Amino acid sequence: MSPRLLWFVFVLISIAAFVEGNRSIGERCSPNDLGGLNSFKAGIQMDTSGRLERWVGHSCCKWEGIVCDNTTGRVTELHLPGFISSNEFLFQSQMTGSLSPSITLLTSLEVIDLGGLTGLTGNIPPSIGFHIPKLRKLYLYGNNLTGAIPESIGKLSKLEELVLHENRLSESLPPCLGRLKNLRILLLYSNQFFGIIPDSFKNLTNLVKLDLHGNSLTGQIPDRISQLQVLEELDLSNNLLSGKIPSSLTNLTAISVMYLDTNYLEGAIPFPSSSGEMPSLGFLRLHNNLLTGKIPPSFGFLVSLQRVSLANNNLGGSIPPTLGNLLALTELYLGGNRLSGQIPKSFSKLSQLIVLNISHNLIQGPLPHEMSSLQNLQILDLSINRINLSTIPQWLAELPSLSRIFLAGCGIQGKIPEFLQTTPSPIQELDLSANHLTGTIPAWLGSLSQLYLLNLSRNSLVSNIPDSITRLHDLGVLDLHSNKLTGTINQVFEIGQRFPDGSLTYIDLSDNSFTGGIEKIGTGTQRGIQFLNISHNYLVGRLPSTIDRLASMRSLDLSYNILGSDLPEALADVSLLETLKLQENHFTGKIPNGFLKLRKLKDLDLSHNLLVGEIPVGKPLIDFPESSYSGNKGLCGKPLAPCKL
Ligand SMILES: *[C@@H]1O[C@H](CO)[C@@H](O)[C@H](O)[C@H]1NC(C)=O
Ligand SMILES: *[C@@H]1O[C@H](CO)[C@@H](O)[C@H](O)[C@H]1NC(C)=O
Ligand SMILES: *[C@@H]1O[C@H](CO)[C@@H](O)[C@H](O)[C@H]1NC(C)=O
Ligand SMILES: *[C@@H]1O[C@H](CO)[C@@H](O)[C@H](O)[C@H]1NC(C)=O
Ligand SMILES: *[C@@H]1O[C@H](CO)[C@@H](O)[C@H](O)[C@H]1NC(C)=O
Ligand SMILES: *[C@@H]1O[C@H](CO)[C@@H](O)[C@H](O)[C@H]1NC(C)=O
Ligand SMILES: *[C@@H]1O[C@H](CO)[C@@H](O)[C@H](O)[C@H]1NC(C)=O
Ligand SMILES: *[C@@H]1O[C@H](CO)[C@@H](O)[C@H](O)[C@H]1NC(C)=O
Ligand SMILES: CC(=O)N[C@H]1CO[C@H](CO)[C@@H](O)[C@@H]1O
């Protein structure tokens, strides 16, 4: 070997040593880490993200989702969330398999992020608290984990975030959680936990977010929860909690979100008696409870409130004018109570308000004209009150952001006002049902290009359905029932849709005076109709076999018309049908055998037609009562009398 070559070999070896030396830090990872990660990988049968496939060799610090400490070379973070986002794409990946307990070999871990892997089963490793003492963040949300939260978790004294929501975890919440003094975020919602909220939670004095909603927790809200002085968000909704709302809750001065709805809480609302208490409460949701009494005027002191729901309780009295002090308010839900009196003029100050829902109360008119200053109001629901509006105030239609208007049962008379055609913000939802509207359905409705919901039911409208309605590409819900409408209805089946299986899901034209046929049913592009009711009209002709194109249909009511001919076999292909009402028509022939395929059918009425022959033998047809088939010309067989041979 020439000296030159020797020298070259020496250099090569040196470089290799140099590289090898540095590899011990960063490249070749600790045998424990490598073992732990390989065991984790072995527990996963399928990974649609392909990340684990690329976990090969020994340089685990270079693997995707792994972060190592650059001095010790140990793995400190494991990030394999199911939801992957980068500049170019968003992607929900799947992992199927079981969470290996060997993950506890990664003893230097500070962060575990395995959230949103819906196919990941198994338990939280019972010994987790003994082996991973530096753990700060444990994200195992949105998986399919079962079992209890292990006792050892109380040893993870550095834990700041424990995020286990949306699993199938169960048992009671271990009191040792109260030892996690550094915990800032505790999200355990949407699991199957039961038992009480441990009193030890009072020790979690750094907790900022506590969300236990959607479990089966019982007992009272612990009074000591008021010791969580930096708590900003509290959600205990949808459990089985009972008793009074502890009045000490008003001591949670940092709170900005509070959900206590859908429990069995009782008693009056514990509201502050002076300004300064609960100054930063931002969201208060107390709906679906058994709250009684009045809304206390002191409510007006909670000046940070942004979103308030007191809906569906039993609150009475009038709306306190002090609510007008809640200048940050964006959403106010008071529907479904027994509130009376007028809407306070002070509401004009709620310039941030986006949603105002006072429906289903005993509120009286008139609407304060001052409300015309609600520049940000998008959704207004005043339905079913004692407001006698007579006419829709024009200033209402001039509110610059208003696009969803619900004024059912507000005593509105006369024609549908033309100024609704030119609102500053295109109307998306319009409910003027149960009023005293007269005149026609105006053709200009077809120019409300963003209209999604139109409910004009239970008025006295007399006209055809204008052809312009076919231009409503975004229409999803059309309810015109119980008017005096005439003409044909085929244009409704031609309502233009931007997408196949478009947005139209609900059509109710029942209880009018429509005439003509229904031959266009199923011929349009709207295939997503789930509910169609055209009963109680004067419709004639046959039910066309194109009905089978409405494959999403769940409820079809053609009853009380003059429809005839044989029932199309194609109806049997509308396989999601749960309700089929064809009674009081002139349908002839036999019940198609294919009806035995309608396995979801729960409600069937074929009575009072001209049907003949044997009722097809089998479920679900034999399970309906006689009345489903009575009054026909010649039906026989179960559940009616046997057929004569
Ligand atoms: C090691 O990591 C620390 C913090 O993560 C960083 O500040 C430092 O620059 C890194 N050192 C090297 C040699 O990469
Ligand atoms: C969760 O696991 C159960 C039982 O193993 C299984 O039936 C269910 O489909 C799983 N859920 C998901 C989303 O994978
Ligand atoms: C809560 O803290 C108090 C005082 O710091 C302590 O005496 C008690 O043992 C703690 N309880 C739990 C369950 O950690
Ligand atoms: C709530 O605060 C008041 C006054 O700040 C205090 O007197 C009361 O003891 C506190 N209640 C609880 C349960 O901490
Ligand atoms: C208004 O509140 C009532 C009662 O909670 C509810 O049923 C209705 O859907 C709400 N209206 C809107 C537009 O959300
Ligand atoms: C509603 O108001 C109109 C006009 O102000 C009035 O004629 C009508 O009697 C009122 N109806 C009721 C039920 O108060
Ligand atoms: C339309 O309004 C009527 C009367 O207010 C109501 O019963 C019906 O449920 C509404 N229709 C839809 C689809 O919301
Ligand atoms: C269809 O409308 C009629 C009259 O409005 C009503 O009585 C019937 O219950 C409705 N059918 C269904 C299935 O909702
Ligand atoms: C052991 C060894 O060779 N360490 C080297 C690793 O790399 C850095 C620079 O990146 C050198 O400074 C070290 O000497």
Side-chain angles (χ1 to χ4, degrees), residues 44-46 48 82 92-99 115-123 141-147 166-170 190-192 261-262 285-289 291 307-315 331-339 354-363 377-385 402-412 427-437 451-461 475-483 503-511 529-533 555 557:
I44 306 299
Q45 285 110 46
M46 187 198 68
T48 60
Q92 174 70 53
S93 68
Q94 290 286 342
M95 261 188 207
T96 316
S98 163
L99 177 61
L117 302 167
T118 52
L120 190 62
T121 56
N123 301 322
Y141 60 87
N143 295 320
N144 201 352
L145 301 177
T146 46
E166 293 173 287
N167 277 291
R168 294 189 294 140
L169 298 167
S170 58
S190 300
N191 276 292
Q192 295 161 15
D261 57 289
T262 324
R285 211 175 70 163
L286 296 168
H287 65 273
N288 298 338
N289 272 295
L291 297 167
R307 294 188 270 170
V308 178
S309 175
L310 303 175
N312 301 330
N313 278 291
N314 217 350
L315 299 167
E331 296 172 29
L332 181 58
Y333 303 94
L334 300 176
N337 282 292
R338 303 173 46 75
L339 300 168
I354 294 170
V355 183
L356 178 59
N357 187 342
I358 318 185
S359 69
H360 294 86
N361 277 291
L362 307 170
I363 299 293
L377 195 66
Q378 293 172 16
I379 306 179
L380 176 65
D381 193 343
L382 302 176
S383 299
I384 322 291
N385 273 291
L402 194 65
S403 59
R404 291 156 205 250
I405 305 171
F406 296 82
L407 297 173
C410 286
I412 302 166
I427 296 183
Q428 292 171 6
E429 301 189 65
L430 181 63
D431 183 352
L432 300 177
S433 64
N435 281 298
H436 312 294
L437 293 171
L451 198 61
Y452 170 76
L453 176 143
L454 180 64
N455 193 346
L456 300 175
S457 68
R458 296 177 53 201
N459 280 291
S460 302
L461 297 167
L475 198 65
V477 178
L478 177 66
D479 192 346
L480 303 177
H481 83 265
S482 299
N483 277 287
S503 47
L504 193 59
T505 58
Y506 188 106
I507 302 174
D508 191 347
L509 306 177
S510 66
D511 191 19
I529 299 174
Q530 294 175 14
F531 180 98
L532 176 62
N533 192 348
S555 175
D557 192 343

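Order of listing sets the numbers, starting from 1, for every ligand and every atom in it. This is a predicted model, so every value here is computed, not measured.
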message = Does either side chain, that of Q192 or that of R168, offer a donor lying less than 3.5 Å from an acceptor on the other one?
response = no
note = So OH of Y333 and OG of S359: to nearest 0.5 Å the spacing works out to 11.5 Å
task = Ignoring hydrogens, tell whether any protein atom lies closer than 4.0 Å to atom 7 (O) of ligand 5; use the non-hydrogen atoms only.
result = no
query = Atom OG of S457 and atom CG of L509: how far apart are they, to the nearest 0.5 Å?
reply = 11.0 Å
task = Flag H360 as yes when one of its N or O atoms lies below 3.5 Å from any N or O atom of ligand 5, and as no otherwise.
result = no
note = Looking only at protein heavy atoms, what sits closest to atom 1 (C) of ligand 7 is N455 ND2, 1.4 Å
ask   = Would you say the side chains of Q94 and T118 form a donor-acceptor pair under 3.5 Å?
value = yes
query = How long is the gap from CG on L382 to CG on L356, to the nearest 0.5 Å?
reply = 6.5 Å
ask   = Would a 4.5 Å heavy-atom cut-off, applied to side chains only, mark L380 and I405 as touching?
value = no
ask   = Under 4.0 Å from any heavy atom of N357, which atoms of ligand 5 are there?
value = 1 (C), 2 (O), 3 (C), 8 (C), 10 (C), 11 (N), 12 (C), 14 (O)
query = If you measure every N/O of D479 against every N/O of ligand 7, is any gap under 3.5 Å?
reply = yes
request  = Begin from the C-alpha positions of I427 and L451 and carry the test side-chain contact (heavy atoms from CB on, under 4.5 Å) through to its verdict.
outcome  = CA-CA 6 Å; I427 296 183; L451 198 61; 3.9 Å; yes
message = If the cut-off is 4.0 Å to any non-hydrogen atom of T118, which atoms of ligand 2 fall inside it?
response = 12 (C), 13 (C), 14 (O)
message = Can you report which non-hydrogen protein atom sits closest to atom 3 (C) of ligand 7, along with the distance?
response = S457 OG, 3.4 Å
Enumerated ligand 5 atoms positioned under 4.0 Å from heavy atoms of N312 = 4 (C), 5 (O)
query = If we only count N/O pairs under 3.5 Å, is R458 in contact with ligand 7?
reply = no
task = Report the part of F406 in contact with ligand 5, treating N, CA, C, O as backbone and CB onward as side chain, heavy atoms under 4.0 Å; options are side chain, backbone, both, neither.
result = side chain
inquiry  = Students should be able to answer this: which protein heavy-atom is nearest to atom 5 (O) of ligand 2, and at what distance?
reply    = R168 NH2, 3.9 Å
message = Nearest 0.5 Å, please: how far is OG in S460 from NE2 in H436?
response = 8.5 Å
task = May I have the step-by-step check of side-chain contact (heavy atoms from CB on, under 4.5 Å) for L377 and I354, ending in yes or no?
result = CA-CA 4 Å; L377 195 66; I354 294 170; 5.9 Å; no
remark   = Atoms of ligand 2 under 4.0 Å from any heavy atom of N144, numbered from 1 in the order shown, are 1 (C), 2 (O), 3 (C), 8 (C), 10 (C), 11 (N), 12 (C), 14 (O)
query = Among all protein non-hydrogen atoms, which one is nearest to atom 4 (C) of ligand 7, and what is the separation to 0.1 Å?
reply = S433 OG, 3.3 Å
request  = Would you mind listing which atoms of ligand 7 come within a distance below 4.0 Å of any non-hydrogen atom of V477?
outcome  = 13 (C)
message = Counting only nitrogen or oxygen atoms and a 3.5 angstrom limit, does T121 reach ligand 2?
response = no
key: D557 side-chain N/O to N533 backbone N/O, donor-acceptor pair under 3.5 Å   = no
task = For atom 11 (N) of ligand 2, state whether the nearest protein heavy atom is under 4.0 Å away.
result = yes
